[in-house]
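To start, the structure itself, in structure tokens.
All ligand and atom numbering here is 1-based and tracks the order in the structure. The model shown is predicted, which means the values in this text are computed figures rather than measured ones.
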Amino acid sequence: MITKFYSNKDEIYNTYDKNDLGFTYSKEKTTFKVWAPSASQVLLKLYSTGSYLEDGATVLSINQMYYDYQTGVWSTTIDGDLHGVYYTYVVQNGNVSSETQDVYSKATGVNSARSMVVDLERTNPDGWDKDKHIFVDEQTKAIVWEIHVRDFSSSNTSGVSKEHRGTYLAFTEMDTKVPNTNAPTCVSYLKELGITHVQLNPVFDFGSVDEATGVEYNWGYDPVNYNVPEGSYSTDPYHGEVRIKEFKQMVKALHDAGIGVIMDVVYNHMYSGGDSCFEKTVPNYYFRKQGNRYLNSAGCGNVTASEKVMFRKFMIDSVRYWTEEYHIDGFRFDLMACHDYETMNLIREELDKIDKRILMYGEPWTADNGDNGISGDDCCSKGNAKKLSSRIGMFNDDMRNGIKGGSDDDTKGYIQGANFDTYKVLAGMLGASSDTFGRWAKRPSQCITYASAHDNLTLWDKLLKSNWCCSDYDTTDPKIINQNKLSAAFVLMSLGVPFMLAGEEFARTKKGDHNSYRSPDSVNSIDWQRTITYKDLVDYYKGLIAIRKKFSLLTLASEDAVHKTYMTYNGKVIAGTMANLDGGPNEYKYMAIVLNNTEEKCSFELKSKYELPNRWYVIADHDIASGEAIRAFDNNFEIRPHSALVIVDADSYDRLHDIKDKNIIPNFR
Ligand code: CA
């Protein structure tokens, strides 16, 4: 039961549970339905264009809608083929008459002013009926790369054609290269890197960029229409069907490359409370308010009310729509602690009806807990993880801080040589699911493991700041690169779900800008040239990704995986052994990961509940990470300064690689 601190009008409104809010289109007629139980009149206005910018006098007709008291729904049906016709509702609430786009808009004209009727069949690109979701069996098998649509290709280093730079269609260009080189960029690059999913910063319609000019830059965490793709990423924001088709082309191109698509969804607040379609349609319902004051736990002036029946239904309908219509493979919930856990579990249940493998995770915090309007017992914080499905993940900020220190300051974490939060790192390596080292997750599938995201300094900028060394963002100082490699080993060799900001693997810099949400392209664009400058670092990530995919214990996501992983920490060196005895005939039986954050060579011990082998091969060290053996391990049990070491048992390796003579060193580079 949700604790309600502030006004909740569900008690006085009848609600609606069918799936036909918005419009239902056929070639012969279109039916419109809008839930507006507080309204005394609702009119449907049809327009020939999507914006007053295009034409001042384009009203086609004004139509009375009819009210059903039982459901609170106003409806009307218009004969004819309305594909491409724009519409608004004029809603009379008390003395106030508001013209608004549809809460359930599927298409809009430029800058969202009017909704559009669309025959979605006509927006499907060639081969869309054969397009398949990209799913993994467990969330922990996903390797997530977070990217902003515009950043991906806005630089000329992307090699993408000029007309597609910064748009959805950039994702459809294959075999792109850094100009005058053979270095792959964009989707071709991602195929080689080996990540499984991209997470797109907001791609629903947001309010902070003028779609008519596309000049401003913004991350887009300011929703206007949740079920409409953003227009500034399309080649034509004026015609509502174009962005839908181009969005689908993007998804299909990624799917064809074997890469899944996760949407960043921001149901917690909107661009504007008062000017939103929600508030204009049903005032004082969809947002948490105290009197006339919008509560502000989302930090942006208004927080939505997930606990209200019809906003909860909206969230559920919305994720289902993106999954089914756009073939989206997962959702990342912004400021998830603004939402109540009942809503999130209901979303999980609803997605499970489509496919249990659809990814779900979010930020387990708000921007202001004191102004959230629901009880701390009800919100989706880490402390309440046990109330949530084990397939709803949460970003592990404890481990993040333990790895590298504070997000924006000059403090150090383990990788820069500090030791005070090392136990948080150990707990995180075990997917925040270990009773020994610390636990908030039910199992590792709930733990998103990361060192960088769009918020805050990039990992590279943080390393420069915390080492007090220089402000040369193009440095190739091996000390900084080694710390970056250590971070990669933590993120990719842990039991949770690995996640990284796009370009973490090639020393992405925003030149010290810790909050680049509206900074220019010169700060935010991916500089693909850095994949060449920092090729050694990219290859290291690539190798660790390959290792992760070959060792199933890392992605098992169960209590069993935690029990079979034995972690030790001697004050300097972290060492973990993983006994994958049930891993099947095509896997290594034992793997160990060792991390040294000191300036000196250190010795370590390997411990396990199981009898450990005495012959090992090195598959990752200070220099190289590889799916293959680099050399035999010398059994000195020493690790070089500032480095990670990953070793696998030689017997398994020999067996898998059909090496008969145990004295022959296998196939080393
Ligand atoms: Ca927009």
Side-chain angles (χ1 to χ4, degrees), residues 22 47 49-54 84 86-88 99-118 123 147-154 164-171 200-251 263-281 298 300-302 304 314 318 321-322 325-326 328 334 454 517-521 524:
Y47 291 89
T49 59
S51 156
Y52 61 87
L53 293 173
E54 293 159 86
Y86 293 84
Y87 71 98
T88 59
E99 182 167 3
T100 176
Q101 77 276 31
D102 193 347
V103 163
Y104 275 81
S105 296
K106 290 176 173 166
T108 65
V110 68
N111 286 333
S112 341
R114 295 171 192 157
S115 305
M116 188 190 107
V117 178
V118 59
T123 66
I147 183 65
H148 184 278
V149 167
R150 182 156 157 172
D151 297 352
F152 190 58
S153 62
S154 53
H164 289 168
R165 279 182 212 154
T167 72
Y168 300 126
L169 290 181
F171 289 80
L200 302 174
N201 292 124
V203 283
F204 52 74
D205 174 33
F206 53 80
S208 51
V209 172
D210 180 356
E211 296 177 356
T213 62
V215 171
E216 309 94 332
Y217 176 95
N218 207 286
W219 283 344
Y221 290 82
D222 44 71
V224 177
N225 291 289
Y226 285 110
N227 294 344
V228 178
E230 164 59 16
S232 62
Y233 301 146
S234 75
T235 59
D236 174 4
Y238 288 89
H239 296 93
E241 70 281 12
V242 175
R243 62 180 81 177
I244 298 176
K245 181 171 187 177
E246 291 177 349
F247 191 114
K248 288 177 176 176
Q249 286 176 276
M250 168 182 70
V251 172
M263 260 182 90
D264 190 337
V265 285
V266 188
Y267 297 112
N268 62 74
H269 75 278
M270 298 192 76
Y271 181 65
S272 160
D275 289 336
S276 70
C277 48
F278 288 89
E279 187 70 11
K280 284 179 176 173
T281 306
C300 298
N302 57 73
T304 56
F314 181 82
S318 182
Y321 176 65
W322 283 106
E325 185 61 36
Y326 288 92
I328 294 295
D334 188 64
H454 67 275
Y517 76 102
R518 57 178 187 181
S519 301
D521 287 328
N524 282 300

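Applying the side chain to side chain donor-acceptor pair (under 3.5 Å) test to H454 and every residue at least two apart in sequence or in another chain returns E146, Y221. Residues forming a ring-ring contact (aromatic ring centres under 6.0 Å, His included) with Y267 (at least two apart in sequence, or on another chain): Y226. Shown here are the side chain to side chain donor-acceptor pair (under 3.5 Å) partners of E325, two or more places apart in sequence or in another chain: K248.
Between R114 and E99 no salt bridge is recorded (no basic side-chain N to carboxylate O distance below 4.0 Å).
Between the S318 side chain and the F314 main chain, no donor and acceptor come within less than 3.5 Å of each other.
Using the six-membered ring where Trp is involved, Y326 and W322 have ring planes that are tilted, between 30° and 60° apart.
Atoms of the protein (N, O or S only) found under 3.0 Å from the Ca ion (ligand 1) are D205 OD1, F206 O, E211 OE2, E230 OE1.
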